[in-house]
Q: 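I am attaching a structure below and will ask some questions about it afterwards.
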Amino acid sequence: MSTAVYPGSFDPITNGHLDLIRRTAAIFDKVVIGILVNQSKKPLFSLEERTEMIRKVTEDIPNIEVYPFSGLVVEFAKEHDVNVLIRGIRSTTDFEYELQMAQINHKIDDKIDTLFFATDPGYSFISSSAVKELWYYHQDIREYVPDYVIQKLQEKEI
């Protein structure tokens, strides 16, 4: 069985993330979505909220599993017996950063490879940070996130 890990903070999950999840799920038998607990960031949504949002917006994709993790993504991948990491590339800046991370991960464990997906051009400018900023300033974000995420943002009253 072929399995890939798609890691991220997903705070919140965007349509760009969903596009990558769907494309990955079409190629791999199973996709493990790893929700990163990043000690250096203060997320808007709790780990439980992010997990629940991802499960809800991917419930139509049968080969998805969602787990939180902290620490190195290489260790998370090994825990799930996975040797392929999925990363989206929106720009050359993303590529430079992601290439460096892929090389570090491969150095830590040479059985781990990273597969890069070029994002759909319609999503190339979307980020979770941009979505939160637009929402904060009362801008329409319906084309950037699933309706369920908007519902959850409304509950936050930010």
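All figures in this text were calculated on a predicted structure; none of them were measured in a lab. For reference, positions follow the sequence shown, starting with 1.
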Q: Nearest 0.5 Å, what's the CG-OG distance between L134 and S129?
A: 11.0 Å
Q: Looking at CG of L47 and CG of L36, how far apart are the two atoms once the value is rounded to the nearest 0.5 Å?
A: 9.5 Å
Q: So which atom in A102 and which in T114 form the shortest heavy-atom distance, rounded to 0.1 Å?
A: CB-OG1, 3.4 Å
Q: Supply the atom-to-atom distance I141 CD1 to L153 CG, rounded to the nearest 0.5 angstrom.
A: 5.0 Å
Q: Between the main-chain N or O of F10 and the side-chain N or O of S128, is there a donor-acceptor pair closer than 3.5 Å?
A: no
Q: Out of curiosity, does I61 fall in the hydrophobic cluster containing V5 (side-chain heavy atoms, cut-off under 4.5 Å, transitive links)?
A: no
Q: Contact between T3 and D81 at the side-chain level, heavy atoms closer than 4.5 Å - yes or no?
A: no
Q: Linking I/L/V/M/F/W/Y whenever any side-chain heavy atoms sit under 4.5 Å apart, do Y6 and I64 land together?
A: yes
Q: Holding to ring pair (Phe, Tyr, Trp, His ring centres under 6.0 Å), I want the full list of residues that pass it with F95, two or more places apart in sequence or in another chain.
A: F116
Q: Pick one: which of Y123, W135, F125 meets ring-ring contact (aromatic ring centres under 6.0 Å, His included) with Y144?
A: F125
Q: Strictly by salt bridge (Lys or Arg N to Asp or Glu O under 4.0 Å), give each pair with a member in residues 109-122 just once, sequence neighbours left out.
A: K78-D109
Q: Run the ring pair (Phe, Tyr, Trp, His ring centres under 6.0 Å) test against Y97 and tell me which residues pass, sequence neighbours left out.
A: none
Q: Got a sec, which residues hit side chain to side chain contact (heavy atoms under 4.5 Å, CB included) with S46, two or more places apart in sequence or on another chain?
A: E48, E49
Q: Can you tell me how far OG1 of T51 sits from CD1 of I33, rounded to the nearest 0.5 angstrom?
A: 10.0 Å
Q: Quick check on the hydrophobic clustering: are L99 and M101 connected, directly or via other members, by side-chain heavy-atom contacts under 4.5 Å?
A: no
Q: Honestly curious: do V74 and I104 fall in one hydrophobic cluster under the side-chain, below-4.5 Å linking rule?
A: yes
Q: Can you measure from CD1 (I54) to CD (E65) and round to the nearest 0.5 angstrom?
A: 13.5 Å
Q: I want to check something: taking the side chain as every heavy atom from C-beta on, are P146 and N15 in contact at a cut-off of under 4.5 Å?
A: yes
Q: Determine whether a donor-acceptor pair (N or O, by modelled atom type, separation under 3.5 Å) exists between the side chain of R90 and the backbone of I126.
A: yes
Q: Side-chain polar contacts of residues 16-29 - donor-acceptor pairs under 3.5 angstrom, sequence neighbours left out - could you list them?
A:
from: H17; atom 1: ND1; to: T14; atom 2: N; distance (Å): 2.9
from: H17; atom 1: ND1; to: T14; atom 2: OG1; distance (Å): 3.2
from: D19; atom 1: OD2; to: R23; atom 2: NH1; distance (Å): 3.0
from: R22; atom 1: NH1; to: D60; atom 2: OD2; distance (Å): 3.1
from: R22; atom 1: NH2; to: D60; atom 2: OD2; distance (Å): 3.4
from: R23; atom 1: NH1; to: A118; atom 2: O; distance (Å): 3.1
from: R23; atom 1: NH2; to: A118; atom 2: O; distance (Å): 3.0
from: T24; atom 1: OG1; to: L20; atom 2: O; distance (Å): 2.7
from: D29; atom 1: OD2; to: S2; atom 2: N; distance (Å): 2.9
from: D29; atom 1: OD2; to: S2; atom 2: OG; distance (Å): 3.4

Q: Under 4.0 Å between a Lys/Arg side-chain N and an Asp/Glu carboxylate O for K152 and E155?
A: yes
Q: Test of understanding: clusters of I, L, V, M, F, W, Y form through side-chain heavy atoms closer than 4.5 Å, transitively. Do I108 and I112 belong to the same one?
A: yes
Q: If the plane angle is over 60° it's perpendicular, under 30° parallel, otherwise tilted; pick one for F76 and F69.
A: parallel
Q: For a 4.5 angstrom cut-off between non-hydrogen side-chain atoms, does I89 reach E98?
A: yes
Q: Distance-only, no hydrogens or angles: does the R87 side chain make a donor-acceptor pair with backbone N or O of P7 under 3.5 Å?
A: yes
Q: Side chain to side chain donor-acceptor pair (under 3.5 Å) with D140: which residues, sequence neighbours excluded?
A: R142
Q: Side-chain contact, heavy-atom cut-off 4.5 Å: K132 with D11?
A: yes
Q: With a 4.5 Å heavy-atom cut-off, do Q151 and Y148 have their side chains touching?
A: yes
Q: How about P12 and M53: do any of their side-chain heavy atoms sit closer than 4.5 Å?
A: yes
